[in-house]
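A quick write-up on the structure given underneath.
Throughout, a chain's letter reflects where its sequence line sits, starting with A, and its residues are numbered from 1.
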Amino acid sequence: EKYLKIGYSMPAATAGYMARAIYWAKKGMADWKAKDKNLEFLYVNAENVTKQANDIEDLMAKGINVLIVWPYDASVTSVIEKAWKAGIYTVVMDRGTSKVCYDTYLSNDDEGYTREGTEWLSKQLNYKGNIVLIEGIPCPINTVRIETIKKTAAQYPGMKILDSQPGNWRKDEALKVMENYLQKYKAIDAVYTADDDMMLGALQAYKESGRKDIKYFLGGACDKNVIKMIMDGKEPLVQANVTYPPDQCATVVGVAIQGARGKNFQGFYQKKIPVRIILAAELVTRQNAASYYFPDEP
Amino acid sequence: MKTHTLALLGKIQYEKVAPFVALAVLFVASSVLSPYFLQIQNLLNILRQVSYTGMIALGMTFVIIGGGIDLSVGSLAAFNASMGILFLNYLMGPLGNEYLAMAGGILAALLLGAFSGALNGFLITKGKIAPFIVTLGSMAIFRSLALFIGSAGEIRSVSNYYGTFGMESILFVPVPVFAMVILTVLLSLVLNNTAYGRYLCAVGSNLRVAVFSAIKVNKIKFITYTLCGLITSVSAVMLSSRFNAVSTSNLGMGFELDAIAAVIIGGTPLTGGRGTVWGTVMGAIILGIINNMLNMLGVSPYLQGTVKGLVIIGAVYIQAQKS
Amino acid sequence: MKTHTLALLGKIQYEKVAPFVALAVLFVASSVLSPYFLQIQNLLNILRQVSYTGMIALGMTFVIIGGGIDLSVGSLAAFNASMGILFLNYLMGPLGNEYLAMAGGILAALLLGAFSGALNGFLITKGKIAPFIVTLGSMAIFRSLALFIGSAGEIRSVSNYYGTFGMESILFVPVPVFAMVILTVLLSLVLNNTAYGRYLCAVGSNLRVAVFSAIKVNKIKFITYTLCGLITSVSAVMLSSRFNAVSTSNLGMGFELDAIAAVIIGGTPLTGGRGTVWGTVMGAIILGIINNMLNMLGVSPYLQGTVKGLVIIGAVYIQAQKS
Amino acid sequence: MTDSNECLLKTVGICKEFSSVQVLKDINIEVLRGEILGIIGENGAGKSTLMKIFSGIYTPTTGEIRFEGEKVSIPDPLSAKRLGISILPQEFNLVNDLAVYDNIFLGSEIKKRSGLLDKKRMMERTTRLLRELEVEIKPDEKLEKLSTAQKQMVEICKAVAMDARLLIMDEPTTVLTRYEIDILFNLMRRLREQGTTIIYISHKLREVKAICSRVVVLRDGEVVHTEMTEKISELEMAQRMVGRELSQVFPERKTPTPEVIFEVRNLSVPGMLHDVSFQLHKGEILGFAGLVDARRTELGEAIFGVRKRSSGRILMEGAEIDIRSPQEAVRYGIDYLSDDRQGSGILTSFSVTQNITLVSLFAYCASFLKVIMRKNEDAASLRHKERFNIKAPSLNVRLEYLSGGNQQKVSLAKSIDPAPKVLIANEPTRGVDVAAKHEIYRFINSLAQTGLSCIFISSEQEEIIGMCHRVIVMKEGRIMGTVEGRDINEEQIMFLATGVHAGAART
Ligand SMILES: Nc1ncnc2c1ncn2[C@@H]1O[C@H](COP(=O)(O)OP(=O)(O)OP(=O)(O)O)[C@@H](O)[C@H]1O
Ligand SMILES: Nc1ncnc2c1ncn2[C@@H]1O[C@H](COP(=O)(O)OP(=O)(O)OP(=O)(O)O)[C@@H](O)[C@H]1O
Ligand SMILES: [Mg+2]
Ligand SMILES: [Mg+2]
């Protein structure tokens, strides 16, 4: 087997979701290392784009021949391109690059992620109701998600989006925003945050307020506590979730190794591994919740 | 002569009331701009929202009066609250009794807080290292320790009551607000009526004179950072109780800036030597109202920063002028 | 008498060389710890990596010597680079010529940078508002403006050459490193050999005396913040050229802390009055080596903060002692 | 009335109010070309305020200034500089972080054609100026390394460096010894020959009589008298400014007890003090005389625990004590009054009371919480205010609003408030007016009678000679000798301080 020196660059854990992503990244690396001696992993985290650019340079200095990179955002493209042009087998994941400078791209489906959610929510409210959104940190993925929510909801005249304010993917800030919404809007039917941390924060604000008007709280990305809630079904306000699987970070390790060794997955007739892999965003309800519950995640 | 004195006092006084003036202006503006602002519940919300950084800002006030700075408060909060909860969870087993375990956890968090602060103080006094550097370093250290023990995720407490006491109200006043008020009263007493308070100002306004005046400069500094660590932990405990958990990756993120901002908006100069505890509270509330209004007026997420920046500058401008 | 004065000189000198000593220690340690460290390419990488915040730190040095602080540098960089690229893209149409357009864009960014800095200076001098508050405010404002014009996304330049010039090397030295060195030489000349430099120290060391000595205090401060804004934009242009784009949501995040840290590690006291430009460069490089080593040694992400914090404190401790 | 062409500066009805209190009331004075005009008055009379108006630091509430016959307004220091008015302020006006020559040329640097600073020439000129004043300081020395006295000399150079038309000197000699003062006076005479006009403020009336051609007396912000100096005696000056008869200057000295309360043996500070030993008797006032760089300040600081001693033992009441910090010194009953008032003496941002009780604060605190009992505090500071007749609008006025002399009185009060057994008084009467001086002398003396022992460092020989039982003379960190009883006189002291016979030393 070809000896692979794999550099893995991710954004730092600044939100609950990223912590889980990192957990899976490490798990993926550990699992592969266990079954294959010809692998070496160099793993780095960045707090901002500049640091990430530095990280990638440092990895190249250490002579990697495979690069897995979860770009902070598309602005890191040109740095990734340098690695790719240098003949390093490059796998880009999640947030895309602004041009093709990779051998394989693996990602979650940001549009599907919030489309699924919005559709479900609309259906529950039988296409009529007032919803408030709590956004993440202003940045491209957040924009995509929010746009999609608005587009999808726009199909149904009855669905009104009252407001959309940033909670920066933080429980405490989402809680503040929700407290303020509750003062501002006397009738809310549902709260959609597309993130479980923020959803839990909002939910708590609602509970504290003692109001009874809201029917649904929808987060996203399957935080283990939320999935548990859904499984137990004791919390009528939280009945569904949408996957945004953080285990993509584990999957991507396999993709990179297979790809770098010129192999493909079982059942593919092609020699080469697919150039773009988009993971489905699945709706999680009480029926299927159990299969999305990972108690070991942070 | 009389008039003279009054005039001079007057001059000194304005400094003290300036933050209140700024707050008043903002308050009136807000109530005009948004019909929701004046709702009792909304005002209570604002108070509770600011109480957490508010408390920290109180500790920061002392640090800054003493001529120092503490950037580590945010991560210190995350780390100590995490440890507190871990200890609580651990105690649940042997002790069984939820309340005892809770008491233990909280006590641990507070002690550790004081200790962490003391560590800063030690490096600054004995190590002769600039406060900015020491606390910049410990900011990174505490955060990373928190991330490590919680692998960047959440640390939940197994006790349910822990998750409630921080949300309760004592005669309509939320507990953390209550805590902030009590702390404010205590600290302003300490600052204005004890030898320690007097020495703190002396140290901050002219270290050399303080030394020549036989003041134990290092001791004063040490106490101050310890105190700041302790108070920060009080806030951290309240905050973690709110969620019955600590998000190790982002609890306390950016608190240092909010706290320092509150202190300065409150009229305490970054150069130290003097300052007011009540002013700091006003500063914190000013910041709280700004955030509240951004939501109430539904300012576009992209432009919120602009508005916030302008209002902060404006609030201080009001004070800067007449004084 | 002779000895006496010699001794004094010796002491003064150490302050100046201390950062170099700290750097040397770190350098030796690193080369022992990692085989990759001493590779030319790696050393060049480190230099380029630090050059961006390094340049900003140079501007910050002046601000701090003058007794001020500038928290806005990071967002200022993002905002001005964005505007520069937008202008470049706009020019491509009418001008057609890529190089002219690029020149235009860069010029725009630099002018805007100076202007933004001047705005800070204006509010601080004429508005009599604390630098901390003014720049805290403008930090929020510039960032939000950047988010607004780029709707939180990235702003790419349509010129490819823009994306390369910042990556090229002049006799093996990367362009940004070159820029940093030139700036350092110039600025240390300005600081030590011009009246402005003297006045800057006077203003930072003792405002009253500066005023009594018929120094135009406000003018000096104003110039300084303008200069800092300008230099920050130089760095911003280089940085955006490295990416051939600007991440409006993220570019420049946390630069203010890195820059200030570099200044203080470099031996300039946060209280102002004196400082060294070269020291700041050393400070920046020290930070760069730390980050590089964390990667080279593959320290676990969660513990990187701890190591970083300890090394920073250690680096300054080395300096604090003998002096 | 003198006609304007021989009158350089003329004030017409100048008044100054600070937050509604009249500090200057209708001042009409004339400064004649090429004269040295003395301005005297009690602490708080308004001298410095008037000078600050001339130098553009304050603007008068009403009234106008005529310079060369023309009405001028001096809104800021720059315009004063443009008119050629240079001031040597009462409080140090120097930047600690800059070198000596930087300070001297601050605001009027010498530049090369390139626009860069011409350090070489600035240093040369500095060296020349310093040599003129016969002080040994390196021009590129950092200012913070200098002693009070040396700083004062630098301050003088700074004022002289820009050859001004009107040179204002606000109490330049408070920390200088007779020797340097003579040098300064020679310099002033030379300047006058070159046509510089000088305003000279001092509380040392002897000097005023010696150097000034005319003298203006201020009292409570009013001009009460103007006279040619030869027509007015020192005593008369004093009475004019105080407005009443003055008691005899120095009180009766009682001989101290033979009991040695405090002793220093072979104290050394590397590069500073060399093998200093002396004994202090109970109730004794032990004078320390010397020229600049005698390092008496160092000695004081070394005893007080702010300077590291390399060797030497200190004994208090026979028992050896190890003082490593001021706290310990104070605990052993030793207190220090600094000659660098604003540098290490008082906090200008603190109130009168807060300053006075700073060292002794615990004495005013209740319970282990150390709660300050305001009443006692105020009572104490009120006692001091009356004893030294500190002119302050109120006890909780910030010290920055007090006149220099009154700040000094506060500084003294601060140092004696803890009731020390041994007081190290460094320039205790620095910038204090005659009347108040007498009070201070009488007070220290009475304390001595009740057993206080005082190490009395002063640059005023009259003081030393009038007050002390014994006088130790130092030079460059060494004790040159001790004079007692009959021998306590200028000649002896100058001889020991300079190693030259007084007659020769004076030129
Ligand atoms: N900035 C100020 N604000 C208020 N009062 C002031 C201020 N400056 C001076 N004063 C008052 O003005 C009066 C005169 O002060 P000034 O310094 O002119 O006295 P002086 O004659 O110089 O006394 P000294 O001989 O002690 O220097 C004093 O009573 C002082 O309290
Ligand atoms: N040649 C020199 N270079 C630098 N500093 C000097 C030199 N000589 C003396 N000093 C400084 O002078 C001080 C000691 O001299 P100083 O003038 O204080 O003696 P003094 O007797 O205290 O003078 P005064 O009687 O005015 O207090 C010390 O602070 C020392 O640093
Ligand atoms: Mg005066
Ligand atoms: Mg002295």
Side-chain angles (χ1 to χ4, degrees), chain B residues 67-69 71-72 75 123 127-152 248-249 256-258 260-261 263-265 269-272 299-317 319-321 323, chain C residues 67-69 71-72 75 123 127-152 248-249 256-258 260-261 263-265 269-272 299-317 319-321 323:
Chain B
I69 189 140
L71 300 173
S72 70
S75 345
L123 288 167
K128 302 196 196 67
I129 312 175
F132 186 93
I133 292 295
V134 169
T135 57
L136 183 75
S138 54
M139 168 163 84
I141 294 171
F142 290 134
R143 175 65 59 187
S144 101
L145 291 178
L147 291 175
F148 184 70
I149 59 177
S151 50
T248 54
S249 63
E256 60 282 353
L257 273 191
D258 285 355
I260 300 174
V263 173
I264 299 180
I265 295 175
L270 197 52
T271 45
V299 179
S300 120
Y302 299 158
L303 289 179
Q304 293 201 347
T306 308
V307 178
K308 190 169 177 177
L310 290 174
V311 180
I312 289 178
I313 293 177
V316 177
Y317 180 80
Q319 307 184 31
Q321 295 328 293
S323 69
Chain C
I69 190 141
L71 300 175
S72 70
S75 2
L123 287 168
K128 302 196 195 67
I129 312 175
F132 186 92
I133 291 295
V134 169
T135 57
L136 183 75
S138 54
M139 166 161 85
I141 294 172
F142 290 132
R143 175 65 59 189
S144 103
L145 291 178
L147 290 174
F148 184 71
I149 59 176
S151 46
T248 55
S249 61
E256 59 282 354
L257 274 191
D258 285 355
I260 299 174
V263 173
I264 300 181
I265 294 174
L270 197 52
T271 46
V299 178
S300 123
Y302 297 148
L303 288 179
Q304 289 206 350
T306 309
V307 179
K308 190 170 178 177
L310 290 175
V311 180
I312 288 178
I313 293 176
V316 177
Y317 181 79
Q319 306 184 34
Q321 294 328 294
S323 67

- Output the option from B:Ser151, B:Ala315, B:Ala261 having the highest count of non-hydrogen pairs under 4.5 Å with chain C. B:Ser151
- Task: Tell me, for B:Leu303 versus chain C, whether the close heavy atoms (under 4.5 Å) come from the side chain, the backbone, both or neither.
- Result: both
- Rounded to the nearest 0.5 Å, how far does CD1 of C:Ile264 lie from CZ of B:Phe132? 5.0 Å
- chain C interface, residue from B:Leu145, B:Leu123, B:Ile265, B:Ile260 that has the most non-hydrogen pairs under 4.5 Å: B:Ile260
- Message: Using heavy-atom distances under 4.5 Å, tell me whether C:Phe148 contacts chain B through its side chain, its backbone, both, or neither.
- Response: both
- Query: For the candidates B:Pro301, B:Ala146, B:Gly67, B:Gly127, which exhibits the highest count of non-hydrogen atom pairs separated by less than 4.5 Å from chain C?
  - Reply: B:Gly127
I'd like a table of donor-acceptor pairs (distance under 3.5 Å, sequence neighbours excluded) in which one partner is a side-chain atom from residues 304-314 of chain C, with atom names and distances.
unit_1   : atom_1 : unit_2   : atom_2 : d
C:Gln304 : NE2    : C:Val299 : O      : 3.2
C:Thr306 : OG1    : B:Ser144 : OG     : 2.1
C:Lys308 : NZ     : C:Asn291 : OD1    : 3.2

- Query: Which region of B:Thr248, side chain (C-beta onward) or backbone (N, CA, C, O), has a non-hydrogen atom less than 4.5 Å from a non-hydrogen atom of chain C, or is it both or neither?
  - Reply: neither
- Query: For C:Val316, which of B:Leu136, B:Val134, B:Ile133 qualifies under side-chain contact (heavy atoms from CB on, under 4.5 Å)?
  - Reply: B:Ile133
- Residue, of C:Pro269, C:Ser249, C:Ala152, that accumulates the most heavy atom pairs under 4.5 Å with chain B: C:Ala152
